[in-house]
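A quick write-up on the structure given underneath.
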There are 2 protein chains.
Amino acid sequence: METMTQKRNIAVLGSTGSIGRQTLDIIAEYPQLFNAWLLVARSSADLLIQQARQLRPHMVIIADEQYYDYVRDALEDTGIEVATGSAAIAQAVTMPEIDTVVTAMVGYSGLESTIAAIRTNKRIALANKETLVVAGELIDRLLQDSKSVLYPVDSEHGAFYQCLVGERMEDVDKLWLTASGGPFRTMPKEQLSNVTAADALKHPNWSMGAKITIDSATMMNKGFEMIEARWLFGVMPDDIEIVVHPQSIIHSMVAFKDGSVKAQLGLPDMHLPIRYALGLPDRRLASDCRKMTIEDMASLTFERPDFDKFPLLGTAYEAARTGGTAPCVMNAANEIAVAAFLQDKIKFTDIHQIIEKTMEKVPHIDNPGYEDYVESNNAARAIAEELITKSKN
Amino acid sequence: METMTQKRNIAVLGSTGSIGRQTLDIIAEYPQLFNAWLLVARSSADLLIQQARQLRPHMVIIADEQYYDYVRDALEDTGIEVATGSAAIAQAVTMPEIDTVVTAMVGYSGLESTIAAIRTNKRIALANKETLVVAGELIDRLLQDSKSVLYPVDSEHGAFYQCLVGERMEDVDKLWLTASGGPFRTMPKEQLSNVTAADALKHPNWSMGAKITIDSATMMNKGFEMIEARWLFGVMPDDIEIVVHPQSIIHSMVAFKDGSVKAQLGLPDMHLPIRYALGLPDRRLASDCRKMTIEDMASLTFERPDFDKFPLLGTAYEAARTGGTAPCVMNAANEIAVAAFLQDKIKFTDIHQIIEKTMEKVPHIDNPGYEDYVESNNAARAIAEELITKSKN
């Protein structure tokens, strides 16, 4: 009876992406604890269909309307509800049966449905870091009037969370956010303008989607994580220090005012932080996957990041200090610039240029509401697109 | 008012030793939180007198009776009570004014007064690891009928404690006990028989007393800490793995069943774990001492210990598995053997021989009471002394 009571209906937004697939692995591993209630994908129709046939959710949503008929027809015999469009997503997450929403969509698209989940007091396993990057101020305000709790899914914030269990935030001196340094850590700065998308997609430790892998190569991802940590843990941007740790074994650290530091370690496997976030408030999801051994951590190194070679780190700190819509504009410009780089439209080092120029051009708004984010996001995308088109001509 | 209510009267047993002196530093640093109530030293009369004049405790005890008159006369004008003898110590710790007892005496001598402190429900900051090594079974039983709580003072168990805050013991897979490896970590095994007491006293990272430094060189100290952890955290000996980490930056780790590992790090400075233990249940004692930086942890290495070169590790695991009086006998033989080595009476490698032979000769007692420990301890000391005398002739 106890396990039945505790069984949680899960909505997985972005179920066909890297985090989404791993989340479904874990849901399938613990059928006595979890039930996939809602699966949402942008356009990977075949995988969504396959996932739905396996996990039998109450509902699936294919965001891109052109695949709607295809998905609906393929699932016709299953009785699974099929819907399409972003409005449907924001509405579906509010279903009272849903306990936990895993937000694993890519980029800005996660914001609306995360807000809907907060408004309906869901537990949120937050894998979509852009939500807090873009709209941290708004989310922070909304959480104050909600019973919703955000649990971080990515490894760094999961590490902070684990290091902070049982501790008081007033005793924290700094959060030390670890970074692998990406594929270009040891490359001389002057060679960075020649790197290709293929080079950037070779991440040394983590297997991730294309967009986040490029963000890792520019270290924009670490800037995003700094902003995410700022909101998740209620600290100032300058209370977060980035530490380059190429082995990705220590997933982050908390330095306390008494001189003590706590770290969380593990193999670089996203199943671990997903398992932890889904199992909270305790570590009920023991894993039978390979455990880390002493040999896995034979030699660990740590160094400070190179803000000169990875200027987006400085951009991110500046945006975080500025607040308002600055991080939203930075994120929008980054999405456009990364997409352009992946299509070989711009050079690797242009990503920073496009973002900085976009941030100069989009008007700043303090204390933004949802509509301000929408407008700033749209404006930033348009300007970034324009800058890219100009740079090509 | 709040700080007055919280002000704790502290008894420091072993105030003139390394841990004791550092404890007094911290008591002196926070006069609004702590008051030195009782200071106990074995024979360092002059330092005890100096400490008493500085901190003005209610009482001092010089254990060695030959210094009693000297200390009493020196403190005559202060109104501080002066006593002598081990019975006086066990009685003094029970004074109702005392809130916290810091047990920082060396070796077996800490047992009786620790038991007295448990019986009178004191908070115990345990720096005397031999107490749990010798009589863990008895202490464990006594704690069940007491409101007394043991807080570990040494860096490794403090690390376990900090990593376990907010966690459930049932989620723990292993405790990873880190060890510097001592001064002979890289020395070929065959050279160990020639090392001198002076060689062994050169510890690479920690500044400690002579006895514990030799225990570190033989790695007996790590065996003791394994047994101490076994009782402090209620785990089996084989749930504790020793990890050699020469930089002594990670002070120990906890591996959880879900594949996550938590570590506590810091500069190798005993003030930190003492500060933490005295400040519990929270980190109220923020430190203005130098904080660890990324550069302090630039490169951390980890390897498994060499049980062949440091056979006392195996001896300790075997004694812990056997239980009963086995660890008591091991500890007694070790105290005698280390003293003999420090006096150049035996070789470094003889320490292990003396201990193993003593353990063979002293009759084993299961489920021991206090008197069984006293007897076994006495028997082991006598046999170890005899073995040393024989080996000299």
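We name chains A, B, ... by the order of the sequence lines, and we start the count at 1 in each one. What's counted below: heavy atoms across the whole structure, side chains too, no hydrogens, waters or symmetry copies.
Closest approach of Val165(A) and Glu167(B) over heavy atoms only: CG1-N, 4.4 Å.
Looking only at heavy-atom pairs under 4.5 Å with chain A, the residue among Asp282(B), Val243(B), Leu285(B) that has the most is Asp282(B). Most heavy-atom pairs under 4.5 Å with chain B: of the set Gly166(A), Ala263(A), Gly259(A), this distinction falls to Ala263(A). Note: Phe256(B) leads Phe256(B), Trp176(B), Tyr276(B) in heavy-atom pairs under 4.5 Å with chain A.
Proximity to chain B (any heavy atom under 4.5 Å) is shown, for Arg283(A), by both the backbone and the side chain. Only the side chain of Lys291(A) comes within contact range of chain B, with at least one heavy atom under 4.5 Å from a heavy atom of that chain. At a 4.5 Å heavy-atom cutoff, the contact between Ile294(B) and chain A is made by backbone and side-chain atoms alike.
For the pair Lys262(A) (side chain) and Leu265(B) (backbone), a donor-acceptor distance under 3.5 Å is absent.
To the nearest 0.5 Å, the span separating CG on Leu300(A) from CE on Met297(B) amounts to 8.0 Å. Taken from CD1 in Ile249(B) to CZ in Phe302(A), the straight-line distance is 10.5 Å, to the nearest 0.5 Å. The CE atom of Met253(B) sits 12.5 Å away from the CD atom of Gln264(A) when rounded to the nearest 0.5 Å. Within the model, atoms OG of Ser260(A) and CZ of Arg275(B) stand 11.5 Å from one another, a figure rounded to the nearest 0.5 Å.
Under the salt bridge (charged side-chain N to carboxylate O under 4.0 Å, His left out) criterion, the residue pairs touching residues 296-306 of chain A are Arg185(A)-Glu303(A), Glu241(A)-Arg304(A), Arg290(A)-Asp296(A), Arg304(A)-Glu295(B), with sequence neighbours excluded.
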